[in-house]
2 protein chains.
Amino acid sequence: MRERILDVSLELFNERGYDKTSLREIAERLDVTKAALYYHFERKEDILLELHLRLHALGFKALGHLESLASDQQRADAWPAVLDRFIDQLLSNRELILLHMRNYNALDQMQHDDRHEAENEDLQQRLTRLLANGDVPLAQRVRMACSIGAVMAVIGGYGGVFGTVPADELAELVRDAIRDLLLPDDRVDTGLRPRR
Amino acid sequence: MRERILDVSLELFNERGYDKTSLREIAERLDVTKAALYYHFERKEDILLELHLRLHALGFKALGHLESLASDQQRADAWPAVLDRFIDQLLSNRELILLHMRNYNALDQMQHDDRHEAENEDLQQRLTRLLANGDVPLAQRVRMACSIGAVMAVIGGYGGVFGTVPADELAELVRDAIRDLLLPDDRVDTGLRPRR
DNA sequence: GTCTATATTTCGATAGAC
DNA sequence: GTCTATCGAAATATAGAC
């Protein structure tokens with residue numbers, strides 16, 4: 001039952017937003033009463049919290065990938081596999097990614113749990129370290145940020161425009177795209193790009 | 001005063017989220033009472049609505065840029081300037097972009113105004129036409145979606161990691177990046193990219 | 001584990017004086 | 001244009017029976 005509550009909640013949070021989703025709605029869709037939910041979760045926020053912890057798990061994996069990308073930036077033969085797993089992982093957890101994109105503020109301001117706080121800070125710190133690390137050229141770091149946004153955008157789907165495209169085909173195209181983004185050095189200079 | 005309300009509201013909506021921002025908070029930060037706000041806006045949603053209309057204006061400009069990019073994809077000499085204006089426009093309206101990123105659901109579910117509805121549908125339709133247009137190769141369309149996400153990500157800044165970088169330098173780096181993303185044909189094949 | 005019933009709080013919105 | 005005072009609705013959360 002606990003799992004059913006989480007499923008339905010994730011659905012509703014993405015449809016209507018966390019704040020506008022009432023416990024009554026969740027209960028209705030599960031054909032139980034509001035009070036029943038309180039047997040499984042002490043507070044409404046605890047539902048969102050549990051979902052966020054699962055998102056965190058994804059985040060840690062993804063960061064692991066990105067970090068190894070940053071350190072292996074010279075060994076181009078090493079990271080295609082890493083990149084593949086990264087994108088596949090995001091693509092196969094679309095609902096959780098959507099939760100992050102569509103409920104940013106609600107997720108950002110949860111503060112009722114210590115473990116959650118710690119994980120949040122850890123993620124934030126590692127992401128910052130990755131993108132603010134002076135050892136990596138700024139241009140490279142900007143491109144890493146771009147690649148994260150790129151993958152997110154396609155997964156979010158901007159209204160599901162790519163909904164009809166098979167997931168693996170989409171993944172392949174995204175991989176190609178952000179490969180061009182992260183490895184611009186593989187190309188010869190056509191004289192078009194650098195304008196300064 | 002109306003403008004001051006909008007400014008403070010935009011600030012608070014981005015900090016705490018639209019739903020969690022009460023009129024009391026907005027009023028407090030302006031050193032007036034809640035009731036005073038109702039002289040300037042009939043409903044709370046009308047504040048968000050006005051902000052969204054300004055975001056729409058940005059969206060129309062941006063879409064214009066993107067549409068001309070799509071149609072001019074062969075004339076590589078034509079669009080760098082177009083692209084520049086596009087990115088500059090987004091970068092100089094960071095707060096409004098943030099509103100979109102951090103209050104997706106709240107913005108998505110506003111339905112109290114006819115003009116707003118019409119503009120919303122128009123934008124959605126044109127974006128869909130752009131990204132679902134069968135005349136443009138799927139790979140190209142995926143890359144366009146990627147580029148939108150890339151720009152957004154850097155502007156959103158994932159916690160302001162690039163806050164210390166001068167805006168024009170950042171803009172230049174993003175331009176370079178999404179140029180590589182949108183014009184992969186400018187490069188020679190190293191044998192690394194296509195794997196099928 | 002789920003129910004009915006109710007307590008508690010908060011917020012959006014209104015009325016009317018100044 | 002701003003204030004005080006208040007209404008009404010809706011949501012979270014609790015108490016206690018089954």
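Protein chains get the first letters and strands the later ones, always in sequence-line order, with residue 1 at the start of each. Reckoned from all heavy atoms, side chains included, excluding hydrogens, waters and symmetry mates.
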Nucleotide range of DNA chain C lying under 4.0 Å from chain B heavy atoms: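 First and last nucleotides in contact are dC11(C) to dT14(C).
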Look at [X] together with [Y] and state whether they make a salt bridge at an N to O cut-off of under 4.0 Å.
X       : Y       : answer
E121(B) : R115(B) : no
E67(B)  : R129(B) : no
R175(B) : D88(B)  : yes
R4(A)   : D7(A)   : no
R143(A) : D176(B) : no

F13(B) six-ring face occupied by K20(B) cation (under 6.0 Å, within 45°):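 Geometry flag: not set, cation outside 6.0 Å or 45°.
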Measure from the side-chain N and O atoms of R141(B) to the backbone N and O of V136(B), and report whether any donor-acceptor pair falls under 3.5 Å. yes
Are any side-chain N or O atoms of D46(B) and backbone N or O atoms of F41(B), one a donor and one an acceptor, separated by less than 3.5 Å? no
Contact list please: residues 13-29 of chain A against DNA chain C, heavy atoms, distance less than 4.0 Å, in numerical order. none
Contact list please: residues 31-41 of chain A against DNA chain C, heavy atoms, distance less than 4.0 Å, in numerical order.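 Residues of residues 31-41 of chain A that come under 4.0 Å of DNA chain C are, in numerical order, V32(A), T33(A), A35(A), A36(A), Y39(A), H40(A).
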Minimum heavy-atom distance L130(B)-L66(B), with the two atoms named: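 Closest approach of L130(B) to L66(B), heavy atoms only: CD2-CB, 3.6 Å.
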Shortest non-hydrogen contact between A150(A) and I178(A), atoms and distance: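 Scanning both residues completely, I find the closest heavy atoms to be CB-CG2, 4.2 Å.
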By a strict heavy-atom criterion of less than 4.0 Å, which residues belonging to residues 45-53 of chain B are in contact with DNA chain D?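 DNA chain D contact set from residues 45-53 of chain B: none.
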Euclidean distance, Q140(B) CD relative to L181(B) CG, rounded to 0.5 Å: 9.5 Å
Compute the centroid of each ring, for H116(A) and then for H56(A), and state whether the two points are separated by less than 6.0 Å. yes
Bend across the helix from dG1(C)-dC18(D) to dC18(C)-dG1(D), to 10°, with axes taken over 5 pairs at each end?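 Result, rounded to 10 degrees: 10°.
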Honestly curious: do L91(A) and L98(A) fall in one hydrophobic cluster under the side-chain, below-4.5 Å linking rule? no
Identify every side-chain donor-acceptor pair in residues 29-39 of chain B under 3.5 Å, counting partners at least two apart or on other chains, and give the distances.
from: R29(B); atom 1: NH1; to: E11(B); atom 2: OE1; distance (Å): 2.9
from: R29(B); atom 1: NH1; to: E15(B); atom 2: OE2; distance (Å): 3.4
from: R29(B); atom 1: NH2; to: E15(B); atom 2: OE1; distance (Å): 3.3

Let me know which of I148(A), V154(A), I155(A) forms a side chain to side chain contact (heavy atoms under 4.5 Å, CB included) with L90(A). I155(A)
